[in-house]
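One structure below.
What you see is a predicted model; the values in this text were computed from it and never measured.
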Amino acid sequence: MTSTYDCTDRERRAEGLAHAQRAIAAKQCVVMPTDTVYGIAADAFSAQAVATLLAAKGRGRSMPPPVLIPRLQTMDGLAADVPDAGRRLAERFWPGPLTLIFHAQPSLTWDLGDTYGTVALRIPADEIAQSLLTITGPLAVSSANRTGQPAALSAGNALDQLAESVEVYLDDGVRPAEGVESLPSTIVDCTGERLRVVRQGGLSLEALREVDPEILGFGEVAEAPEQAASAEPVEPEVEPAEATERETESAEAEPEAKPAEAPAEKPRD
């Protein structure tokens, strides 16, 4: 039976987290607050649990959820071939509004959907989310709404859409918190020869380039050697600002992180 816990009350928060831990272990779904919206979470290592999450949202395998992790060290257990620039971004901006796409460790037996051998990782800054991740380990998390509907900004919004498909609702008030922008995380693909922004969100390209000056912005393409040597400027195929606007308008407030298409210069597994 679905249970809702008021996490603004210390005792109810403890009860809710304990129930959520049991639900995750039983391959059930949990709704929890994240940095900007509410998310629906499931055990990332259980194909059954992830399938239940996708079914609750009315979503297919073509849009696999990202994985939220409790600490930076977890990244190396889930991701392979982590580039130095990607690691520096994680060290600088986690916890926070940055999702990084890596090649997944080939030894993992999980099934998040059609990921093409990749995994999208993030450490959230939300206190309740971090508390749950600490006791459960990595969770597959998607925005807590039916596909095509507005993202849930409260536990009540999520309950209205997901109802009894979720075992536990952790209610910690409205998201985003007052004074916080309701922007999705910025998503960076770290699987190619150069890092590449595939969705512009709460973390600016300027901030990313302070860590990795070579990162490609959304819609930007790497210059061929003969173009780089030319004195004539070469316009990008898509203006980054226009592409960012279209992407932001079409994205839900919390990423439904489908791994980016494999870079042409380095096909994925």
Side-chain angles (χ1 to χ4, degrees), residues 1-44 49 52-53 56-57 65-72 74 93-99 120-146 149-186 201-203 251-257:
M1 180 177 178
T2 292
S3 300
T4 299
Y5 294 87
D6 178 4
C7 291
T8 63
D9 179 273
R10 181 173 299 180
E11 291 186 5
R12 291 292 285 168
R13 175 189 296 194
E15 293 172 3
L17 288 170
H19 191 175
Q21 182 183 27
R22 295 194 302 271
I24 293 296
K27 300 179 174 55
Q28 296 168 319
C29 292
V30 170
V31 160
M32 65 180 186
T34 67
D35 309 52
T36 55
V37 298
Y38 275 73
I40 177 173
D43 182 0
T52 299
L53 182 156
K57 287 182 59 69
V67 174
L68 300 190
I69 59 177
R71 60 188 65 85
L72 183 63
T74 308
F93 297 113
W94 282 352
L98 175 66
T99 299
L121 302 177
R122 186 167 80 86
I123 299 180
D126 185 88
E127 181 182 351
I128 302 297
Q130 287 197 353
S131 295
L132 182 59
L133 288 162
T134 297
I135 59 177
T136 63
L139 294 175
V141 181
S142 181
S143 58
N145 58 281
R146 294 285 294 178
Q149 298 300 312
L153 303 183
S154 69
N157 290 158
L159 179 61
D160 289 341
Q161 297 190 56
L162 302 176
E164 294 187 359
S165 63
V166 170
E167 174 71 10
V168 176
Y169 289 83
L170 300 176
D171 184 355
D172 193 47
V174 176
R175 291 295 187 272
E178 186 176 354
V180 178
E181 288 188 284
S182 182
L183 291 174
S185 66
T186 295
L203 192 60
E252 293 178 338
E254 183 70 11
E256 306 295 341

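Distance check: Glu15 CD to Asp6 CG gives 11.0 Å after rounding to the nearest 0.5 Å. In this structure, OG1 in Thr136 is found 7.5 Å from CE in Met32, a value given to the nearest 0.5 Å. For the atom pair OG1 (Thr34) and CD (Gln130), the distance works out to 11.5 Å, reported to the nearest 0.5 Å. Atom OG1 of Thr74 and atom CG of Leu68 lie 11.5 Å apart (nearest 0.5 Å). To the nearest 0.5 Å, atom OG1 of residue Thr8 and atom CG of residue Asp172 are 7.0 Å apart. Taking OG1 of Thr36 as the reference point, atom CG of Leu153 lies at 8.5 Å (rounded to 0.5 Å).
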(request) Give the C-alpha distance, both sets of side-chain angles, the deciding distance and a yes or no for side-chain contact (heavy atoms from CB on, under 4.5 Å) between Arg122 and Val141. (result) CA-CA 10 Å; Arg122 186 167 80 86; Val141 181; over 6 Å; no
(request) Begin with the C-alpha distance, continue with both residues' side-chain angles, and end with the deciding distance and a verdict on side-chain contact (heavy atoms from CB on, under 4.5 Å) for Gln161 and Ile40. (result) CA-CA 11 Å; Gln161 297 190 56; Ile40 177 173; over 6 Å; no
(request) Take Val30 and His19 through the side-chain contact (heavy atoms from CB on, under 4.5 Å) test and state the conclusion after the steps. (result) CA-CA 9 Å; Val30 170; His19 191 175; over 6 Å; no
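Shown here for Ala163 and Thr2, the closest heavy-atom pair between the two residues is O-OG1, 3.9 Å. Of all the heavy atoms in Glu167 and Ala23, the pair that sits closest is CG-CB, 3.8 Å. For the residue pair Ala20 and Leu132, the shortest heavy atom distance occurs at CB-CD1, 3.7 Å. Residues Ser165 and Ala56 share a closest heavy-atom pair of OG-CB, 3.5 Å. In this structure, Ser142 and Leu53 approach most closely via the heavy-atom pair CB-CD2, 4.0 Å. Summarising the geometry of Pro138 relative to Val67, their closest heavy-atom pair is CB-CG1, 3.8 Å, with the distance given to 0.1 Å.
For residues 132-145, there are no salt bridge (Lys or Arg N to Asp or Glu O under 4.0 Å) pairs, not counting sequence neighbours. Residue pairs meeting the salt bridge (Lys or Arg N to Asp or Glu O under 4.0 Å) criterion with at least one member in residues 123-135, sequence neighbours excluded: Arg13-Glu127, Asp126-Arg175.
For the pair Ser154/Asn157, a side-chain contact is recorded, criterion being any heavy-atom separation below 4.5 Å from C-beta on. A heavy-atom distance below 4.5 Å is not found between the side chains of Tyr38 and Asn145. By the 4.5 Å heavy-atom criterion applied to side chains, Pro124 and Leu133 are counted as neighbours. The shortest distance between side-chain heavy atoms of Ser143 and Lys57 falls below 4.5 Å. Taking the side chain as every heavy atom from C-beta outward, Leu17 and Leu170 approach each other to under 4.5 Å.
A donor-acceptor distance shorter than 3.5 angstrom exists from the side chain of Asp35 to the backbone of Ala125, with no hydrogens or angles considered. When atom types are taken as modelled, the side chain of Arg12 and the backbone of Thr4 share a donor-acceptor pair closer than 3.5 angstrom. The backbone N or O of Leu98 sits nowhere less than 3.5 Å from a side-chain atom of Ser185 that would complete a donor-acceptor pair.
The ring pair (Phe, Tyr, Trp, His ring centres under 6.0 Å) search around Phe93 returns none, not counting sequence neighbours. Applying the salt bridge (Lys or Arg N to Asp or Glu O under 4.0 Å) criterion to Arg22, with sequence neighbours excluded, gives no partner residue. Residues passing the side-chain contact (heavy atoms from CB on, under 4.5 Å) test with Ala158, sequence neighbours excluded: Val31, Ala144, Ala152, Tyr169. Every residue two or more places apart in sequence or in another chain that forms a side-chain contact (heavy atoms from CB on, under 4.5 Å) with Asp43 is listed here: Ile24, Phe45, Ser46, Ala49.
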